[in-house]
Amino acid sequence: METKTIEINKKSVPVLRILLSMIFIVASIMHTFKVEKVVDRINHARFSELGYLLGKPEISVIASGIAMFIAGIALLIGFNTKYAAIVLALILIPITITIQVGQMSTIGPLFKNIAIFGGLMFFALNNNFNIFKNTKA
């Protein structure tokens, strides 16, 4: 397979990484400290039954909040960006399907999440954007 080289402004990568991480860090706070509000959104969603696949949605909400915080911080600081992006994408997909798919009132947030997924795929598919390098003496 032939690979082509593209030029990316070096300053744009950390800007994308930092701004992309912020939505997950903020969302993690909501998932961790306002669990009932998030569960209420699940209960009023068109595909609310998906929120109950793993049992009580409160557990999934808290677990996703913790995972979003850890992966969001990793993405923010440039630590294992590929894996952080993959974890965040895996969290984003069921949230998007449960909360935003099938409701005209959430068409804007649906496409916001699709755009966020695109940003995560940038980091998942390109693994040379860590600021922490393994150096061997």
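- The shortest side-chain heavy-atom distance between His31 and Ile95 falls under the 4.5 Å cut-off.
- The ring pair (Phe, Tyr, Trp, His ring centres under 6.0 Å) test applied to Phe117 returns no partner, not counting sequence neighbours.
- From Phe123, atom CZ reaches atom CG of Leu88 across 11.0 Å, with rounding to the nearest 0.5 Å.
- For the atom pair CD1 of Ile93 and OG1 of Thr98, the computed distance is 11.5 Å after rounding to the nearest 0.5 Å.
- Checked by atom type and distance alone, the side chain of Thr32 never pairs as donor or acceptor with a backbone atom of Ile29 at under 3.5 Å.
- The minimum heavy-atom distance between Leu120 and Ala89, with the atom names listed, is CD1-N, 3.6 Å.
- Taking both residues in full, the closest heavy atoms of Gly78 and Thr81 are given as CA-CG2, 3.5 Å, listed atom of the first, atom of the second, then distance.
- To the nearest 0.5 Å, the span separating CD1 on Ile23 from CD1 on Ile25 amounts to 11.0 Å.
- Using a 4.5 Å cut-off between side-chain heavy atoms of Ile, Leu, Val, Met, Phe, Trp and Tyr, with links allowed through other members, Val35 and Ile99 fall into the same hydrophobic cluster.
- For the pair Ile18 and Ser21, the tightest heavy-atom approach, listed with the atom from each and the gap, is O-OG, 2.7 Å.
- Contact between Leu75 and Arg17 at its shortest, heavy atoms only, is O-CG, 2.8 Å.
- In this structure, the separation between CG on Leu92 and CD1 on Ile114 is 9.5 Å, given to the nearest 0.5 Å.
- Atom CD1 of Ile86 sits about 10.5 Å away from atom CG of Asn80, to the nearest 0.5 Å.
- Smallest separation of non-hydrogen atoms from Ala84 and Ala74: CB-CB, 3.9 Å.
- Here the closest heavy-atom approach between residue Ser28 and residue Met68 is recorded as CB-CB, 3.9 Å.
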